[in-house]
Q: 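Here it is, the structure, as structure tokens.
This is a predicted model, so every value here is computed, not measured. These values consider heavy atoms only, across backbone and side chains, with no hydrogens, waters or symmetry-generated copies.
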Amino acid sequence: MRKITGKFLDLLLFKEPEEVEDFILEEDKSEGKNSSTKEKNTKKDADTESCSRQKKEKWFTSIVTAPFAIDKEKRDTGNKDDKGVDSKKTKKTDENRKKDISKKITENLDYIKERYSIPINGDMVLREFDITVKDRTISAFAIFFDGMTDRMVINHAILQPLMMLSNLDIKGNPNELGEYIKNHLLPQGQLKVAYSFEEVIDEVNFGGCAVFIDGLDIAFTADVKGWEHRGVERPNTELVIRGPQEGFTEVLRVNTALVRKILKDEDLIAEDIQIGRRSKTPCSMLYIKDIANDKLVNEVRRRLKSIKIDYLQDSGELEQLIEDSTFLHTPQMIDTERPDRVASMLAEGKVAVIVNGSPFALVMPATATELFRSAEDTYVRFPYGNFFKIIRIVGLFVSLLLPGFYIATINYHVEMIPTDLLLAIEASRERVPFPSIVEILILEVSFELIREAGVRIPGPIGPTLGIIGALILGQAAVAANIVSPILIIVVAVTGIGSFSIPSFSLAFSLRVLRFGYILLGTLAGFLGFTTGLFIHLVTLVNAKSFGVPFMVPMGPKTSDRYTNDIARAPIWKQEKRPDYLNTKDVRKQPHISRGWVRGENRGDNEDEE
């Protein structure tokens, strides 16, 4: 009842909308001097508005909710008790998570058994053993997950040195037990010292091995990951004829290594960020620190660290959590499974995010022209690349507008069609009992069903099913006078146009918007068609991706120093990075990059100037 009353009050009482400033990637690097004063004034105004609103609501609520006052008091009393219990549980859980490691190994052992539910947990391995240091025998135990770690590394680099080599006469101070074990008995390369159980549990849950030793209030954690994973293969969604044939995998460090193999730059930063309260999914934010804009890097970092969820499994979920507008139909980030494409965009000054467990990397910000670009455009000569880009643009307009244009022309603007073609269309539709809108919806839905079925069916049967299903259904529909032959051609050309778009996320959005243009063309002809196109373009011009307008460099128009957005220039003329990114280093190659044209020394001198 309280929720219904609150909604009713919101409808009756005036409430000023809160001003929310979106992030904008500005060119000016100077920060505002009066930011703290503005925040204080904004806070005062908000407090004043909330006080006045509370007075109005209090008067109205006393009248509306009077009959429910007794029930409300009872519910509040119950809720307070529940909240008290929940707060105690939450406080107790936080204390357990932040508990420090004890010097008594029995307490540590009991705590680990309780946290990991040993021996109920079948894949948890707990190995107890003794360490001999000089004349002392010290109890110890190691914990790790079976299947997530490499047993050979644990046996030879952790257990064997501690259990057998500790008997040797090793030079060192045995009184400082922790330093002695770390420096002389554990040859594992990636070794950390943990001071709390939370650090230990995080490492063990991600394929690590933890070693507890009696008398030490610390634990040693070693990175011994060894789970089974898919190897580096060809990318499935971004195939090219010329260029690298490697794609990302589901392992985070393999993916970052693939990028570093291309960009051998010490300024390439791979910043680790954990997302997910329970899953603790590792993510890496990649950028080149002397190229990328600091404001862009800070904004991406802020959005990633502000996410509060339990589980994160794929980069697709992360994309929905950090995008600027949830309801915008167009993708606002570039998702790719090609390391070479990520490396090229990092070199331009963008930021990439790789999620452990996902073969797709996210690159931001995204622009409309970037979604049309294929990885192969860089590897072929610029006339061929421009020709491919024109074909893609034609395919986009055909995929999005052709069915709606056909419906608007047939229903409202038949005078635009040549007489012979009009007679042929009418003759083919003479025996069809349905209107054109029903015909095209039947074919479009059938085409989408065939395409979805072809994706879900495993193996080589999927493409075969799509081809045979389309041929059989199309021929049978024409023979049964359900649809006209000209409409089958329109739908087939529309489907082929959608396959020419390199970004599958953009292709998904066009598939959905196509039905909207069909409906507008049916209702109002070219008037509805152009109205929808106008609203569509206004929405795109108003959209932003991490502070960058989506339609740059067309709207708003930026500097013409970067000529590789709309039409690709020769590679020796691509001298500067995109102007809309406001990078630290604008120039990416000298004015004369081909030294052999005018001489090597002259090109170097002009670059220095």
Side-chain angles (χ1 to χ4, degrees), residues 236-237 239 388 391-504 506-523 525-526 528-529:
N236 295 322
T237 60
L239 297 175
F388 297 153
I391 293 297
R392 294 190 203 108
I393 294 174
V394 172
L396 179 139
F397 284 105
V398 167
S399 173
L400 181 64
L401 305 177
L402 182 59
F405 182 83
Y406 172 80
I407 289 293
T409 306
I410 288 296
N411 291 346
Y412 295 94
H413 309 284
V414 292
E415 68 276 0
M416 297 178 58
I417 307 175
T419 305
D420 295 338
L421 180 59
L422 179 61
L423 292 175
I425 293 174
E426 291 299 327
S428 64
R429 297 188 65 250
E430 184 177 2
R431 301 182 62 183
V432 176
F434 303 112
S436 56
I437 177 62
V438 177
E439 287 184 75
I440 200 165
L441 287 178
I442 290 174
L443 284 179
E444 284 289 346
V445 172
S446 301
F447 190 85
E448 294 296 333
L449 287 174
I450 292 173
R451 175 154 45 182
E452 190 69 15
V455 172
R456 304 305 167 197
I457 294 179
I461 305 176
T464 307
L465 174 68
I467 297 172
I468 295 177
L471 291 175
I472 294 176
L473 288 179
Q475 184 65 30
V478 173
N481 293 325
I482 297 177
V483 295
S484 58
I486 185 67
L487 200 55
I488 289 183
I489 297 175
V490 171
V491 174
V493 173
T494 302
I496 294 173
S498 66
F499 290 138
S500 65
I501 301 172
S503 173
F504 67 91
L506 180 61
F508 287 159
S509 67
L510 297 180
R511 288 166 60 181
V512 176
L513 290 172
R514 184 191 308 152
F515 290 94
Y517 280 102
I518 292 173
L519 181 62
L520 291 174
T522 305
L523 295 177
F526 279 172
F529 190 79

Q: For the atom pair CZ (F405) and CG (L400), what is the distance rounded to the nearest 0.5 Å?
A: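 Rounded to the nearest 0.5 Å, the CZ-CG separation comes out at 13.5 Å.
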Q: Within a 6.0 Å radius of atom CD on E415, are there more than 12 heavy atoms belonging to other residues, nucleotides or ligands?
A: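 Yes, because the 6.0 Å sphere around CD of E415 holds more than 12 heavy atoms from other groups.
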Q: Nearest 0.5 Å, please: how far is CD1 in I518 from CD1 in I407?
A: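 The CD1 atom of I407 sits 7.0 Å away from the CD1 atom of I518.
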Q: Nearest heavy-atom pair of S399 and R514: which atoms, and what distance?
A: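 In this case the closest contact between S399 and R514 is O-NE, 2.8 Å.
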Q: For Y412 and L523, which heavy atoms make the closest approach, and how far apart are they?
A: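 Smallest heavy-atom distance, with atoms named: OH-O, 3.0 Å.
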Q: Are the side chains of R451 and F499 in touch, meaning some heavy atoms are under 4.5 Å apart?
A: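 Sidechains of F499 and R451: in contact.
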Q: May I have the list of side-chain donor-acceptor pairs in residues 417-427 shorter than 3.5 Å, sequence neighbours left out?
A:
none

Q: Can you tell me how far apart CG (L441) and OG1 (T522) are? Round to the nearest 0.5 Å.
A: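 Between atom CG of L441 and atom OG1 of T522 there are 7.5 Å.
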Q: With a 4.5 Å limit on heavy-atom distance, are the side chains of L510 and S498 in contact?
A: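 No, their side chains stay 4.5 Å or more apart.
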Q: Measure the spacing between OG of S500 and CD1 of I391 and express it to the nearest 0.5 Å.
A: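 The distance works out to 8.5 Å.
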Q: Tell me the closest heavy-atom pair linking L396 and I501, and the distance in Å.
A: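 Where L396 meets I501 most closely, the heavy atoms are CA-CD1, 4.2 Å.
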Q: Compare all side-chain heavy atoms of M416 with those of F526 and state whether any distance is below 4.5 angstrom.
A: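 Touching, per the 4.5 Å side-chain cut-off.
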Q: Show me the donor-acceptor pairs within less than 3.5 Å that the side chains of residues 482-496 make with the rest of the protein, sequence neighbours left out.
A:
from	atom 1	to	atom 2	distance (Å)
S484	OG	E439	OE1	3.2
T494	OG1	V490	O	2.7

Q: Looking at every heavy atom in both R392 and P502, which two are closest together, and how far apart are they?
A: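 It is CD-CD, 3.5 Å.
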Q: If you compare all heavy atoms of N481 against all heavy atoms of P433, which two are closest, and at what distance to 0.1 Å?
A: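 Shortest heavy-atom separation between N481 and P433 comes out as O-CD, 3.1 Å.
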Q: Nearest 0.5 angstrom please: Y406 OH to T409 OG1, how far?
A: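 Here the interatomic distance stands at 9.5 Å.
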Q: Give a yes or no on whether the backbone of I442 and the side-chain of S446 come within a donor-acceptor separation of less than 3.5 Å.
A: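 Checking the backbone N and O of I442 against the side chain of S446, a donor-acceptor pair under 3.5 Å is found.
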Q: Is there a side-chain contact between F397 and I393 (heavy atoms, below 4.5 Å)?
A: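 In contact.
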Q: Taking all non-hydrogen atoms of both residues, which atom of E444 and which atom of P403 are closest, and how far apart?
A: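 Smallest heavy-atom distance, with atoms named: OE2-CG, 3.7 Å.
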